[in-house]
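The chains referred to below are lettered A, B, ... by the order of the sequence lines, with proteins before strands, and numbering in each begins at 1.
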Protein chains: 2
Amino acid sequence: MDKADILIIDDEIQMQKLLEITLQSNQYRVSHAATAKEGMMTAASHQPDMILLDLGLPDEDGHKVLQRLREWYTNPVIILSVQSSEEDIVKALDNGANDYLVKPFRTRELLARIRSALRSSFSEENTPVLTCEDLQIDLSARTVKRKNEFIKLTATEYNLLSLFVRHEGKVLTHQYLLREVWGPGYINQSQYLRVFIAQLRKKIETDPNRPEMIITESGVGYRFVCKES
Amino acid sequence: MDKADILIIDDEIQMQKLLEITLQSNQYRVSHAATAKEGMMTAASHQPDMILLDLGLPDEDGHKVLQRLREWYTNPVIILSVQSSEEDIVKALDNGANDYLVKPFRTRELLARIRSALRSSFSEENTPVLTCEDLQIDLSARTVKRKNEFIKLTATEYNLLSLFVRHEGKVLTHQYLLREVWGPGYINQSQYLRVFIAQLRKKIETDPNRPEMIITESGVGYRFVCKES
DNA sequence: TTTCTCTTTATAAAATCTTTATACATCCGT
DNA sequence: ACGGATGTATAAAGATTTTATAAAGAGAAA
């Protein structure tokens, strides 16, 4: 991934345009939404790397939106608001916002704060190349090699594997995996998971019938173990 | 760890006092330094969870200090400065600062920004591992090791063990265990407990016939004792 | 179209939970 | 010490839930 995908949730057309131009001219990919409802849906479907959220949306209270977003969305959220009261700022930050800028803001400062927020969220998951037995996973290039041969993974397969890699050793519940890969509306579709786990195993395990990397934790979820070589 | 350890690097005595009182009354542990040199040394020796850095230090340029700090220090750094120029802010953020507040700042906002920065840095790395003799229980990964080998526990077995671990040393009644693991409708199914206790012992005790970890309290319940090593 | 991927359905296999059966232990009054 | 009452341990059969996998259908992109 070269540049991040940023979702703008703001109802003012002018602000949207300004942000879009600013961000795109800095090579970010941009999507936008004008209402809370639309914003939540786009966030779920696009899984953006960051959200810029205006607190003054027409259809719902901004703090409420942030709270609901934070129930499942873990990437950075920066608040842009005309509200400059300490109360609003404290509330937003405590509801899980990573930063808060008062409108009108300075463009270069916004860009710097975006870089800062992205940096700290990416640094944790940033192990450029992970090696497990004969498997090499390059998260920044989105590629997977097995015995030095590139493996072809579909988008969903890769998303799943990347989650496993970033939480190596931990048991990831069905709920969690479904929410992260398919979105919060799919947490009951355990069958999807089974199908894709089977496909992944076929592609990365030495013996798919006796999996050693993706371990089943029956009734709970799956666990990825990485025997480093 | 309950509350974070914060290092204040600021040469103004008044500011130091203000910050110290504010932070301590919010249960943070505080250390301080009045010069860049002292700050670097304290940071290295104390390994604080966060640094509040004033850019206007007497002995060295603040941006330089930040850069040198970031060569090895990975926890959050928040800049507190009288400089409010966009240039300074952008530079500091790009040098690795997590946030930038202009003095004079609002106290509650500072506290909220501290919480926000700590939240995002602590979320991943916190892995409390409990060790009892040759047993290691990682509650956040939901895994159990014995003699450094993963043990396979079923969901129910794990739930039971996790209850014991979280109430180490206390007698847990049959009622309580049944209610917590199976639900309130099962408080009379003592036989379930016996079956699962036997299975757990087979998996974690050195000699299941002479249990040393899961102790029977006849007529009452069971007690988990943890000989830490 | 053709190809690729995701979704859905079907079914067999595996794992887990529940239930039953039986043996053992301990306490207590005689 | 004996016998009964109560409580516990364990194995193993059975029922149920969960998982693995193939394969067909749907939909989108080349």
Side-chain angles (χ1 to χ4, degrees), chain A residues 44-47 142 144 150-162 164 171-183 185-224, chain B residues 142 144 150-162 171-175 177-183 185-224:
Chain A
S45 60
H46 277 62
Q47 302 264 15
R142 270 185 99 89
V144 180
F150 280 108
I151 300 182
K152 200 166 161 59
L153 295 184
T154 70
T156 311
E157 286 162 5
Y158 178 83
N159 290 341
L160 201 54
L161 180 59
S162 130
F164 279 127
V171 175
L172 305 180
T173 62
H174 301 138
Q175 268 217 348
Y176 176 80
L177 290 166
L178 286 162
R179 194 178 49 212
E180 291 294 319
V181 175
W182 282 268
Y186 292 74
I187 52 173
N188 294 316
Q189 303 287 340
S190 311
Q191 186 56 21
Y192 285 18
L193 251 184
R194 302 208 183 95
V195 171
F196 278 83
I197 292 284
Q199 279 174 357
L200 252 186
R201 279 177 175 156
K202 247 193 296 190
K203 291 187 179 180
I204 70 174
E205 294 278 1
T206 313
D207 179 1
N209 294 333
R210 237 167 280 103
E212 297 189 317
M213 313 187 92
I214 302 179
I215 308 294
T216 302
E217 299 283 348
S218 197
V220 186
Y222 296 89
R223 183 164 52 92
F224 184 77
Chain B
R142 207 187 168 289
V144 180
F150 282 109
I151 300 182
K152 199 157 172 60
L153 295 184
T154 70
T156 311
E157 286 162 6
Y158 179 85
N159 290 341
L160 201 54
L161 179 59
S162 123
V171 177
L172 304 181
T173 64
H174 300 141
Q175 267 218 350
L177 290 167
L178 286 162
R179 182 158 28 94
E180 291 293 319
V181 176
W182 282 268
Y186 292 72
I187 52 173
N188 295 316
Q189 304 286 340
S190 311
Q191 184 57 19
Y192 285 17
L193 251 184
R194 302 209 182 92
V195 171
F196 277 84
I197 291 286
Q199 278 174 357
L200 250 186
R201 280 178 174 155
K202 246 194 297 190
K203 291 187 181 181
I204 71 174
E205 295 279 0
T206 313
D207 179 2
N209 295 333
R210 234 166 284 104
E212 297 188 317
M213 313 188 92
I214 302 179
I215 308 295
T216 303
E217 299 284 348
S218 199
V220 188
Y222 296 90
R223 185 164 49 92
F224 185 78

With heavy atoms under 4.0 Å as the rule, sort B:Thr216 into base, sugar-phosphate or nothing. sugar-phosphate

Please evaluate the base of D:dT10 for a donor-acceptor partner in the side chain of B:Gln191 within a cut-off of under 3.5 Å? yes

Return no unless some side-chain N or O of B:Tyr192 is found under 4.0 Å from OP1 or OP2 of C:dC17. no

Rounded interatomic separation in angstrom, taking CD1 from A:Ile197 and P from C:dA14: 19 Å

In whole angstroms, the gap separating C1' of D:dT8 from CZ of B:Phe196 amounts to 17 Å

Are the side chain of A:Lys202 and the backbone of A:Pro208 linked by a donor-acceptor contact shorter than 3.5 Å? no

Give the nucleotide from the list C:dT5, C:dT18, C:dT7 with an atom nearest to the side chain of A:Thr154. C:dT5

If you draw a 6.0 Å radius around OH in A:Tyr186, do more than 12 non-hydrogen atoms from other residues or ligands fall strictly inside? no

Quickly work out the B:Leu200 CG to C:dT16 P distance and round it to whole Å. 13 Å

Please state whether the rings of A:Phe196 and A:Trp182 are parallel, tilted or perpendicular, taking 30° and 60° as the class boundaries. perpendicular

Could you grab the distance from atom CD1 of A:Ile197 to atom CG of A:Leu161, nearest 0.5 Å is fine? 9.5 Å

Interatomic distance, B:Gln189 CD vs C:dC17 C1' [rounded to whole Å]: 12 Å

Using a 3.5 Å distance criterion without hydrogens, assess whether the side chain of A:Glu205 forms a donor-acceptor pair with backbone atoms of A:Ile214. yes

Between C1' of C:dC6 and OH of A:Tyr186, the distance in whole Å: 10 Å

Please report, rounded to the nearest Å, how far the P atom of D:dA9 is from the CD1 atom of B:Ile215. 11 Å

For a quick check of understanding: with a heavy-atom distance under 4.0 Å over all strands, which category does B:Gln199 fall into, base, sugar-phosphate or nothing? nothing

Scan B:Thr156 against the nucleic acid and name what it touches under 4.0 Å (heavy atoms): base, sugar-phosphate only, or nothing. sugar-phosphate

Roughly, in whole Å, what's the span from CZ in B:Arg201 to C1' in D:dT8? 9 Å

Tell me whether the OP1 or OP2 atom of D:dA9 has a side-chain N or O from B:Tyr222 closer than 4.0 Å. yes

Backbone of B:Glu217 reached by a side-chain donor or acceptor of B:Arg223 within 3.5 Å: no

C:dC17 phosphate, OP1 or OP2, under 4.0 Å from B:Trp182 side-chain N/O: no

Residue whose nearest DNA chain D nucleotide is more 5′ - B:Ser190 or B:Lys202: B:Ser190

First locate atom NZ of B:Lys152, then atom CD1 of A:Ile215, and finally report the distance between them rounded to the nearest 0.5 Å. 7.5 Å

Could you state the CG-P distance from B:Leu178 to C:dT18, rounded to the nearest angstrom? 11 Å

To the nearest 0.5 angstrom, please state how far the CG atom of B:Leu193 sits from the CG atom of B:Leu178. 4.0 Å

Anything under 3.5 Å between a protein N or O and an N or O of nucleotides 16-18 of chain D, put it in a table, one pair a line.
unit_1 : atom_1 : unit_2   : atom_2 : d
D:dT18 : O3'    : A:Gly219 : N      : 3.3

With a 4.0 Å cutoff (strictly under), does any side-chain N or O of B:Asn209 reach OP1 or OP2 of D:dT10? yes

